[in-house]
Structure formats: structure tokens, C-alpha cells
Trainee: 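First the structure, which I've put down as C-alpha cells, then a few questions once you've had a look.
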2 protein chains.
Amino acid sequence: MPETARPDHRYGNRPTMKDVAARAGVGLKTVSRVVNGEPGVTPDTERRVQEAIDALGFRRNDSARVLRKGRTASIGLVLEDLADPFYGPLSRAVEEVARAHGALLINGSSAEDPDREQELALALCARRVDGLVVIPAGDDHRYLEPEIKAGVATVFVDRPAGKIDADVVLSDSFGGARDGVAHLIAHGHRRIGFIGDQPRIHTAAERLRGYRAAMAEADLPVHDSWVSLGSTAPDRVRTAADAILSGPEPVTAIFAGNNRVTVTVVRVLADLDRPVALVGFDDFELADLLRPGVTVVAQDAAQLGRTAAERLFHRLDGAPGNPQRIELPTRLITRGSGELPPAD
Amino acid sequence: MPETARPDHRYGNRPTMKDVAARAGVGLKTVSRVVNGEPGVTPDTERRVQEAIDALGFRRNDSARVLRKGRTASIGLVLEDLADPFYGPLSRAVEEVARAHGALLINGSSAEDPDREQELALALCARRVDGLVVIPAGDDHRYLEPEIKAGVATVFVDRPAGKIDADVVLSDSFGGARDGVAHLIAHGHRRIGFIGDQPRIHTAAERLRGYRAAMAEADLPVHDSWVSLGSTAPDRVRTAADAILSGPEPVTAIFAGNNRVTVTVVRVLADLDRPVALVGFDDFELADLLRPGVTVVAQDAAQLGRTAAERLFHRLDGAPGNPQRIELPTRLITRGSGELPPAD
DNA sequence: ACCGCAACTGACAACGTTGTCTAGGCTCTA
DNA sequence: TAGAGCCTAGACAACGTTGTCAGTTGCGGT
């Protein structure tokens, strides 16, 4: 065997425009024109080029194209967990908007870890995504400043950016929680528990604030043992719920801070012999089929994603102006669990 | 104003290695070495370069890097709908494996449209993803042949590839459905309905086959009006269920072909006055909390994704051998709905 | 028959990075 | 002290594409 083995072409053995040009007996640029549907090519030439393309199985290398053109036609999405039923629809909505703008979506899960969020976001920037949609895990996003300055459009969703000024789209967590708790109060409850996500997460803090506001507006005291913030892992939530329900001043109702908390609380309540009212933040599938149906403060995840993505492309199209804060309303959906009377 | 305006740098105004080199007073390649942590740079030089990098906010352009190196360290995932609770965890699992191999994940939703699947898959190939994980919407994947030949590792999940030979990872749809239906038969049912997805979808066809096999093994006839395949849109499923339940020979049990069908059937049955047994393919959150709990044939979406992604990277690492077909077992989870006796 | 003009085509540089190769300076040994 | 050898550093080409520009051809009009 002579050592004339073809040099390892890196992409397997992909034909390039040069190969196509050689085969068709035309210039490189002519192939480029055909591939991109640019005018100024005779039908006859075009046919020859097209034949060569088909014969070789050529496909344009967008990677190289990007280098020349400067836009990658891709955007990045950093979220917490794609497997969470709240983020699936959000991601899909972002994808649809991207698709409408001819862009692809690269997404990454931060697993609620600020370091991983940063690592992901910067990796996306290195890929030169045109824009970034971020659901913050951390509370300091100054690391994105150089990127934003360099032209990476950035929109935050669900939670505001930390320590930088940027577009943000979020649900009215404060108002939603306040309304949900007021709903329980209107049905006669005076001792209401709150179980939420970790307090460093903005939405969790806002919802707690809403809870406190509703209680204060009704002149109701809030006993420390009624409030529990922390991980949304089932075990933690279960423990918290048990504690809140069995304390010296047992609550007659619980407000759950997000969908994961809600479903765990539903499980806990199902094993209880006395009825306890429940309102949860976030709607979830089948909430209507449970007995009683679960009353929720619903936010529209898809709408959040859509709005954020549209804002992003708006910026990419050169929309000027200061960063905006867009707040979407929530909606109380009554299904039974929130209308149970207090079992005093 | 003289017209000496800086030429529009395409990426906003990003510094390049050349800029860093100029600022640090070193050669271009030296910057490259520092950025990539290659040896052969004096600590002093390295410091100067690092300072320049920080001062300019330089970030390596991976797009250009890819062009040189040939590997993009990214893989593509084409699935049906990221918002579907079955695909969220699958996607997340693929992402985790990719992350472990230092790769990013680009995903796209085909919306169960073969044309869109092809468009997406080819767009990903144009981006030169290193590999592709595909959940087929169509049944002809010959369009991927040139790509695969050119070195794009490709693994199909959940459904086999059409008309090409490739690695595939799937659940045992046939066996799972057969077991589920046999379970109903074991509980005394003789008239059992089947509602499934469109028959062109492989899993749907397999599950129907499993249903028929179980019925045949028990010497039970299958009345045409008991079987309904089609879209999984709630309206369609509701209509189908109504028809099956009210026909001349009304069924006493229903086998639902996937999670979307199951939840709609649950809704229909909830409005019924006679009890009808139900077993569904796919597990879903809260299935245990419904009354009765929903008995399901569970498949592990995350495990499917993980297995497929690992197979993919295995191939990328040069694993030889013919395409493999990996079939994962399903698991029957009894919760009550499948154990209801026939209400004859 | 010649000029002007438009339509078509291709040579070439550039995008930002990395691999190769060579130059220069230093240390170490004989 | 000269030669060998190592370490650092930079010049240069290449990756596959697109923008610019200049060359060639053919046509119509005078």
C-alpha cells in the first residue's frame, strides 16, 4: 500500500463547492450563485451545476457561510429543565418564533445552577448565536455585558436579569399569588400556608410577597411556621407540608408556589382525612380531573416564550430603545380545591 | 464628518485574535495558544495576552474554529413536539449525554410533519452537526443517505427509520400493548376497544398489532367498530371513544395507544355513568392520583433518549459494526383503572 | 462594421481560526 | 567555545463560503 491515502477530509468526505465546480466545469462562484438562487446564471449552466450537486450529494456548509456572513441564524435558549412541563411549551414557543424568522434554536438546561447557566450562555455566545433567551438561574448576569455590547441580543424570561439592564418578560407573580391567596381568604380561610421554591429565585420571592400582601390586606397574621421555602424536590415539599399541617396552629389552606410543589401537595392532601383547601401557582395537565379539581393561578408559558422571542427578533431587526420590562397577567382558574371551606 | 466610519463589523464589533495579538504585542498564533491552553508560552507572555483578552472582552469564535477543525461539537435532535410531556424528558436526557461529551444540542420540532422533519434534519446537516438523533415523522429517510455516507452519525429513536438501514432505539410497543390488553382480558374483559395514533406511525401500528395478538391469543373476536386510529387531537379521540362506547356491541374496556389519547379517554370516562376499564400506553404524571388510578404500560422516555445518545457518541468515537436495533422493555403499572371488572 | 451596454462568468480576497513549519535564542555538553 | 538540542514565537496556508470586481460574450443600434 502506497501512502497516498487521501488526506482525511474532516467532514467524513464531503464535497465542497469547489468539487461541484470542477465536476460541472464552471467557476466556484457560479456554484455559489446556483446554490443560493442568485440571478445571473443561464438555465443551461444552472442545470449542469444542479446535476453535479445531485451527483455528488453536495450540501452547503453553513458553518463556513456563517463565517462570511456574520449571522448564524440561530438563537440560544438557556432554561432550567427541558423536562419540566412548564418549560417544554415555553421552549416550543420560542422555537416556533425562531422558525418563522428562519432561525434554529439551541437550548441548554442549567439545572438551576448559576455556574452552569453562565457556562451555557457563554458557550452559546462563542457559537455566535444571534440572540439569547435566558431563564436566569443565577442573580448576577454581568458576565453577559461584553456579549451584549458586542451585539448579542438578549432577553430574559420568567425572571429578571441580575445586576444588568436588559429586556425581560415575566408573569405577574406578585399579583397572581396575591389574588390566589385572596381567593382563599374570600372563602373563609384565616390560617393559610405557603410552600415555595428557593427564595433566591425571583419568582419564588415575588409569590411569597404576594402571599404576605394578601394576608396583610385582610389583617391576617402570618405565623412563621406556615411559610416554607426551599427545594421543590418531593421529599422536601412533603416534609414541609406535613409540618405546616400538623403545627400548633394548623392551616386550613395551602398556597403552593409552583407546579412541582402543587402536585406534591396534592399527594399529601390525598392521604389526609380532613379537607384542606389548595391553590397552586401554574396550571398543569389533568388539574381538572382530580377530585377536587385543583384551583390554580395560571400563567401562559407558551405566551411568555413567544413574547420573549418576538422581542428578541425585534431587537435583532434593530429596534432601538431602552430595555423593556413586559409583565403578563395571570388568570385564576377555579376548580374546587380552592373553594373548599375551612375545616375548623 | 469624513466618511471614514469604521466598516461595519458583522458581529456587532467583536475583537478577534488579531486584535488581541496587536494589543498584547504578540503574534496571532500565540494568542491562539493561550486561548486554547496549549503549551509553549512563557508565563509572562501568557499574562500579557490574558490581559489583552480581558480588556477587549474577546471570546473565541467557535464558528471559525469549526471550519478549521471539522467537528462542531454539536448534535441535532429532531422530535415531534418539545411541548409533549413524553419528549421533554427524552430531549433532556439526550442533552445530558451530549453535555458529558462536550457537545451542545440543537433541537427542532417536526410537528409530526414528514416534510418539516426533512427540512429540519437537512438544515442541521448543513450546520454540520456531528450527529443526529431523529424521532421519525415520515417513513422514508433515504434523503439522509448522502449525509450518513458523508459521516453524520445518525440514530433513530422511538420509531425505526424508513427505507434505510440505521441504528434505532425503541420501546417494545408490540409486547407492551399485548401485555396491557392481556391484562384486561385476565380481568374478565372480552369486548375491548383500541384507540390509537395515525396508522402510518410505526408505534401506533405496532401497538395495534399487539392488541390484535392479545385478542387472538384469547380467541376473542375483534369487532371493526372497536378499533379507531387517527389524530390524537382531543376532539377526534373523544368522538372515537363515544362511538366505541355506544356501538351495538359496547366495549367494557379500552386500550389507549399513547399518553395523549389516554388523558382524553380519561375525560370521556369521567362523564360516563357505567365503569369502563382503561389501560393506556405511556405513563403520565398524576396517573396515580386520579380515581381510579390509571393503569399504564410505561416506557422510559429518558432511558430511550439516553440510550440513543450514547449509541450516537459511540459511533462518533468510531464504533464499527452494522446498524443495531435496541429494544427497551415496557412495564405494566397497575393502579386500578385496568383492574375494573367488566360492567356487563 | 463598430460602439455601447447588458448579461453572464470566474479570479481573488476575506471571514477568524488552527496546523505546520521555520527562525531565533537559550542552555547544555564535549 | 562550538555544536546539538530544546523552547518559544510568529509567518503562512488552509478550512468552505460569499462579496467585489473585472473580463468575456453577444446583441442592438447607428
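Proteins come first, then strands; the chains are lettered A, B, ... in the order of their sequence lines, and each starts at number 1.
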Trainee: Within the structure shown, what part of the strands sits under 4.0 Å from B:D62 by heavy-atom distance: base, sugar-phosphate, or nothing?
Mentor: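 Counting heavy atoms under 4.0 Å across all strands, no contact is made by B:D62.
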Trainee: Roughly, in whole Å, what's the span from CG in B:L28 to P in C:dA14?
Mentor: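 These atoms are roughly 15 Å apart.
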Trainee: Rounded to whole Å, how long is the line connecting atom CZ of A:R59 with atom P of D:dT17?
Mentor: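 These atoms are roughly 12 Å apart.
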Trainee: From D:dG16, D:dT18, C:dG19, pick the nucleotide closest to the side chain of B:E38?
Mentor: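 The closest nucleotide is C:dG19.
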Trainee: Could you please name the option among D:dG10, C:dT17, D:dT17 that lies closest to any side-chain atom of B:K29?
Mentor: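 Nucleotide nearest to B:K29's side chain: D:dG10.
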Trainee: Show the nearest heavy-atom pair for residues A:V157 and A:P136, with the distance to one decimal.
Mentor: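 For A:V157 versus A:P136, the nearest heavy atoms are O-CD, 3.5 Å.
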Trainee: Who pairs with B:H101 by ring pair (Phe, Tyr, Trp, His ring centres under 6.0 Å), at least two apart in sequence or on another chain?
Mentor: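 By the ring pair (Phe, Tyr, Trp, His ring centres under 6.0 Å) rule, B:H101 matches B:F313.
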Trainee: Strictly below 4.0 Å: does B:S32 bring a side-chain N or O up to OP1 or OP2 of C:dT17?
Mentor: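 Result: no.
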Trainee: Are A:D19 and A:R23 within salt-bridge range, i.e. N to O under 4.0 Å?
Mentor: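 The answer is no: the pair does not qualify as a salt bridge.
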Trainee: Indicate whether OP1 or OP2 belonging to C:dT18 is found under 4.0 Å from a side-chain N or O atom of B:N36.
Mentor: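 For C:dT18, OP1/OP2 do have a side-chain N/O of B:N36 under 4.0 Å.
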Trainee: Output the rounded distance in Å from NZ (B:K18) to C1' (C:dT18).
Mentor: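 Rounding to the nearest Å, NZ of B:K18 and C1' of C:dT18 are 16 Å apart.
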Trainee: Enumerate the salt bridge (charged side-chain N to carboxylate O under 4.0 Å, His left out) contacts for residues 151-164 of chain B, please, sequence neighbours excluded, ordered by first and then second residue.
Mentor: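 The answer is B:E112-B:R159.
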Trainee: How would you list, by chain and number, every residue that makes a side chain to side chain contact (heavy atoms under 4.5 Å, CB included) with A:R116, sequence neighbours excluded?
Mentor: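 Side chain to side chain contact (heavy atoms under 4.5 Å, CB included) list for A:R116, sorted by chain: A:A111, A:D113, B:R92, B:E95, B:E96, B:R99.
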Trainee: Return the nearest nucleotide to the side chain of B:R65; candidates are D:dT17, D:dT18, C:dT18.
Mentor: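 Among D:dT17, D:dT18, C:dT18, the one nearest the side chain of B:R65 is C:dT18.
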Trainee: Using the C1' atoms of the five pairs at each end, what is the angle between the end axes of the helix from C:dA1-D:dT30 to C:dA30-D:dT1, to 10°?
Mentor: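 Rounded value for the end-axis angle: 50°.
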Trainee: Evaluate the side-chain proximity of A:L79 to A:S91: yes if any heavy-atom separation is below 4.5 Å, no if none is.
Mentor: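 They are in contact (side-chain heavy atoms under 4.5 Å apart), so the answer is yes.
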Trainee: Could you note down all residue pairs passing salt bridge (charged side-chain N to carboxylate O under 4.0 Å, His left out) where residues 304-318 of chain B supplies at least one of them, sequence neighbours left out?
Mentor: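 The answer is B:D167-B:R311, B:D167-B:R315.
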Trainee: Can you tell me the distance, in whole Å, between the CZ atom of A:R127 and the P atom of C:dT17?
Mentor: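 A:R127 atom CZ is separated from C:dT17 atom P by 14 Å.
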Trainee: Does D:dA14 have its OP1 or OP2 closer than 4.0 Å to a side-chain nitrogen or oxygen of B:R68?
Mentor: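 Negative; the distance criterion is not met.
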Trainee: Side chains of B:H141 and B:Q118 only: does a donor on one sit below 3.5 Å from an acceptor on the other?
Mentor: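 Their side chains do not contain a donor-acceptor pair, so the 3.5 Å distance test is not met.
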Trainee: Does this structure show an ion pair linking B:E145 with B:K149, if we count only N-O contacts that are shorter than 4.0 Å?
Mentor: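 So B:E145 does not pair with B:K149 through a salt bridge.
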Trainee: Between B:I164 and B:F156, is there a side-chain heavy-atom distance shorter than 4.5 Å?
Mentor: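 Of all side-chain heavy-atom pairs linking B:I164 with B:F156, at least one is under 4.5 Å.
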Trainee: Distances under 3.5 Å only, N/O to N/O: pair up the protein atoms with those of nucleotides 5-9 of chain D.
Mentor:
from: D:dT8; atom 1: O3'; to: B:T42; atom 2: OG1; distance (Å): 3.0
from: D:dA9; atom 1: OP1; to: B:T42; atom 2: OG1; distance (Å): 2.6
from: D:dA9; atom 1: OP1; to: B:T45; atom 2: OG1; distance (Å): 2.4
from: D:dA9; atom 1: OP2; to: B:T42; atom 2: N; distance (Å): 2.9
from: D:dA9; atom 1: OP2; to: B:T42; atom 2: OG1; distance (Å): 3.1
from: D:dA9; atom 1: N7; to: B:R33; atom 2: NH2; distance (Å): 3.3

Trainee: Just the rounded figure in Å: distance from P of C:dA14 to CG of A:L67.
Mentor: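 In whole Å, C:dA14 P lies 14 Å from A:L67 CG.
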Trainee: Could you tell me how far apart A:R14 (CZ) and D:dA14 (C1') are, to the nearest whole angstrom?
Mentor: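 Between C1' of D:dA14 and CZ of A:R14: 19 Å.
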Trainee: Could you check how far NZ of B:K69 sits from P of C:dT20, rounded to whole Å?
Mentor: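 To the nearest whole Å, that distance equals 10 Å.
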Trainee: Calculate the interatomic distance between A:D44 atom CG and C:dC8 atom C1'; express it in whole Å.
Mentor: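 These atoms are roughly 12 Å apart.
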